There are 2 protein chains.
Amino acid sequence: MGSRKKQASSSPRPLSMADLARELGVSMTTVSRALSDHHSIGPATKQRVLKLAKKLNYQPNHLASALRRGQSRLLGVVVPYIEGKFFPAVIQGIEHAASKAGFSVIVCQSHEEVQLERRNVETLLHAQVAGILVSLARNTQEYQHFDKVRSRGIPLVFFDRIPGAGQVDAVVLNDQAGGFQATSHLLAQGRRRIAHLAGPPRLNIYSQRRQGYLDALATYGIPPDDDLIIYSDMTVDDGAQAMRQLLARPAGRPDAVFAAGDSAILGALQELKAQGLRVPDDVALVGFSNESFTAITEPQLTSVDQRCEEMGQAAVRLFLELAAAPEAPFVQRQVVLEPKLFIRGSSLLPAPVGVG
Amino acid sequence: MGSRKKQASSSPRPLSMADLARELGVSMTTVSRALSDHHSIGPATKQRVLKLAKKLNYQPNHLASALRRGQSRLLGVVVPYIEGKFFPAVIQGIEHAASKAGFSVIVCQSHEEVQLERRNVETLLHAQVAGILVSLARNTQEYQHFDKVRSRGIPLVFFDRIPGAGQVDAVVLNDQAGGFQATSHLLAQGRRRIAHLAGPPRLNIYSQRRQGYLDALATYGIPPDDDLIIYSDMTVDDGAQAMRQLLARPAGRPDAVFAAGDSAILGALQELKAQGLRVPDDVALVGFSNESFTAITEPQLTSVDQRCEEMGQAAVRLFLELAAAPEAPFVQRQVVLEPKLFIRGSSLLPAPVGVG
DNA sequence: TTGTACGCGTTATCAC
DNA sequence: GTGATAACGCGTACAA
């Protein structure tokens with residue numbers, strides 16, 4: 001930044017293929033072929049071109065290329081939000097895989113609003129992205145805004161939060177297995193009256209986690225109790241409020257809670273402490289997402305980890321497959337990743353067991 | 001997603017201005033003018049064009065437009081990372097302001113590596129972005145990769161972490177004031193032996209916070225003690241380790257710690273607890289960034305809030321100003337936002353004071 | 001006020 | 001293996 005000259009020093013526009021061609025005394029076609037590694041070109045000419053390009057620091061104009069081919073090297077991503085650990089980590093996976101394949105990534109947030117989600121998709125289409133990766137907003141219930149994407153032949157991959165109906169390509173976590181692992185763990189610790197803080201069941205992730213919870217109970221021959229399942233949007237406050245309700249149940253309080261999200265389980269923990277109950281002694285807790293704050297609370301929170309980076313990478317791989325065979329008939333592809341339970345203090349039996 | 005037909009239904013390429021022109025029996029020029037609200041066009045014709053455009057759901061090809069004008073409606077953003085609260089919030093502010101002005105946003109992460117930062121800038125230039133907003137990687141010490149940006153006449157705005165030398169347009173927090181507020185608060189609480197966990201002083205934000213710390217001490221006539229300032233990369237582990245060092249000081253342990261980041265202060269808190277010391281009774285703590293986990297720890301952590309959204313919005317405003325006057329001579333513009341201290345349990349005097 | 005014609009930088013198609 | 005040429009969709013001098 002040493003120079004203090006004018007901001008725009010009459011911007012000498014970057015050199016084009018035509019410049020290289022003139023310099024070398026060959027045609028633009030030849031230059032283009034050399035740079036794009038086309039087969040019908042002599043190795044000698046190719047080297048000459050590449051050498052000069054490097055020497056003059058030639059930068060291809062992606063815009064022109066995209067215009068000509070009707071396809072850019074941009075990959076659009078729509079997520080509900082980027083706070084917390086999950087989506088940044090997924091995006092990290094996406095960026096990594098995408099950049100390896102020569103794509104740049106545009107990230108848009110829907111802020112859990114379907115209207116914004118629609119606008120984001122429009123924006124991405126305008127930017128002529130080569131593909132779109134989506135994790136749905138919480139209140140998305142109809143999916144017409146994605147029809148345009150398909151009808152333009154642009155690869156569309158969902159991840160984590162996917163449409164409830166229809167055939168789509170997607171990468172998901174085995175949320176059911178996650179719910180099953182979490183609940184089974186609590187059962188193995190001797191808990192029998194296990195409550196569940198569930199998210200909106202319209203979202204696949206939440207209905208699946210609940211199903212895993214129910215399956216685990218069934219395995220132990222425990223009949224499900226509707227009074228022990230509380231639905232909410234899974235914020236910290238929601239979790240605290242749900243815990244209050246559970247503690248007021250006439251049938252007696254639960255001895256464990258499995259929440260489909262870490263924020264909710266954090267709220268539950270705080271409420272339990274506020275009421276003078278001990279965790280895990282009185283009530284054991286398990287959350288979902290393995291947020292970084294699960295290692296900060298006292299006790300630390302047991303939680304289900306979601307393989308975030310892998311999810312992002314898998315989504316990009318799927319996109320690349322679709323992009324490679326644009327005219328192929330549609331075959332639904334679903335990648336399912338397996339979750340992993342991280343066991344911490346909030347769910348472990350007191351001393352007798354001697355674990356961890 | 002009901003349709004199960006082929007992914008690419010022979011993609012009928014979106015209609016162009018030429019299509020509209022043909023349909024209306026006018027020239028492309030007229031269509032172009034109508035759509036871009038040019039002055040020399042009859043109100044009647046204009047309406048006809050706009051109406052048909054809406055009816056046929058015409059979508060302008062931004063790529064072509066960008067190619068023609070040498071400028072897209074994309075705004076590039078380079079940040080060190082997107083974990084935590086700060087950068088997502090700033091990005092949120094950026095997206096909001098940018099979309100209001102008709103720009104889309106590309107976010108790239110440098111992962112604190114100058115090499116990646118360089119690549120990101122290249123990528124953005126290739127994407128022909130209209131402007132670039134940057135928050136520097138921790139180890140960026142030379143800034144030539146930004147010279148290209150300027151020489152192409154592309155507006156460049158730094159935010160939060162800005163180059164140490166040279167003239168740049170930037171939005172920053174008054175980090176010095178933040179450090180001053182934090183330290184003054186501790187002094188007002190009666191603490192006199194205050195340590196400081198500092199970040200790499202090469203980064204403006206850290207040197208400024210340290211300066212604020214020193215200024216506050218000076219105000220109280222307390223000479224700075226080099227043994228009480230520990231430099232690190234401010235991770236949780238760094239904070240814990242620094243706390244260990246401080247507790248082992250032969251001159252006696254500090255009665256308060258101000259860290260230039262919340263992760264470090266969290267590490268300090270954990271170390272203090274591990275050693276059986278009480279917070280704030282034995283050692284009071286203040287952090288920086290007001291991360292969401294500051295409200296989770298016990299006690300909750302006092303911290304300096306950074307006006308994240310405002311920073312993003314201000315950066316976009318600066319960009320828009322620069323873009324509006326591309327040929328204007330360079331005048332350094334710096335926006336400085338004022339921080340706000342959030343006081344919580346980790347820094348408050350025990351009962352006698354009776355606050356909060 | 002409207003239309004004509006050209007160029008932005010690249011790639012696809014054809015001819016040689 | 002190489003080259004000329006025509007698009008891709010839009011903006012804009014210039015002419016009418």
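As the structure is a prediction and not an experimental result, all values here were calculated from the model. These numbers come from the heavy atoms of this one structure, side chains and all, not from hydrogens, waters or symmetry mates.
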- Item | Note, A/V157 side chain near A/I132 side chain (heavy atom, < 4.5 Å) | no

Residue pairs passing the salt bridge (Lys or Arg N to Asp or Glu O under 4.0 Å) test with at least one member in residues 123-140 of chain B, sequence neighbours excluded, are B/E112-B/R138, B/R138-B/D233

Listing, residues 89-100 of chain A side-chain donor-acceptor contacts under 3.5 Å, not counting sequence neighbours, or none:
unit_1: A/Q92; atom_1: OE1; unit_2: B/H111; atom_2: NE2; d: 2.7
unit_1: A/E95; atom_1: OE1; unit_2: B/Q109; atom_2: NE2; d: 3.4
unit_1: A/S99; atom_1: OG; unit_2: A/H96; atom_2: O; d: 3.4

To the nearest 0.5 Å, atom OH of A/Y143 lies from atom CD of A/E117 at 9.0 Å

Quiz item: How about A/Q128 and A/R73: do any of their side-chain heavy atoms sit closer than 4.5 Å?
Solution: no

query: Can the positive tip of A/R150 be found less than 6.0 Å from the middle of the six-membered ring of A/F330, inside 45° of the ring normal?
result: yes

**Prompt:** Taking the side chain as C-beta and beyond, is there a heavy-atom pair between B/Q59 and A/L125 under 4.5 Å?
**Reply:** no

Rounded to 10°, the helix from C/dT1-D/dA16 to C/dC16-D/dG1 deviates from straight, judged by its five-pair end axes, by 40°

Separation between CD1 (B/I162) and CG (B/L203), nearest 0.5 Å, reads 10.5 Å

By nearest-nucleotide position on DNA chain C, the 5'-leaning member of B/R69 and B/M28 is B/M28

Just checking A/R119: does its CZ atom have more than 12 heavy atoms from other residues, nucleotides or ligands closer to it than 6.0 angstrom? no

Within residues 29-55 of chain A, the residues having a heavy atom closer than 4.0 Å to DNA chain D are A/T29, A/T30, A/R33, A/S40, A/I41, A/G42, A/T45

Exercise for review: Using a cut-off of 6.0 Å, state whether more than 12 heavy atoms not belonging to A/R333 lie near its atom CZ.
Suggested key: yes

Interatomic distance, CG@A/L124 vs CG@A/L75, rounded to 0.5 Å, equals 9.0 Å

Contacted region of DNA chain C by chain A, from 5' end to 3' end of the hits, cut-off under 4.0 Å to heavy atoms, spans C/dG9 to C/dC14

Decide yes or no on side chain to side chain donor-acceptor pair (under 3.5 Å) for B/S32 and B/T29, but give the supporting numbers first.
-> CA-CA 5 Å; B/S32 172; B/T29 316; over 6 Å; no

First and last nt of DNA chain D near chain A, cut-off under 4.0 Å to heavy atoms, 5' to 3', are D/dG1 to D/dG9

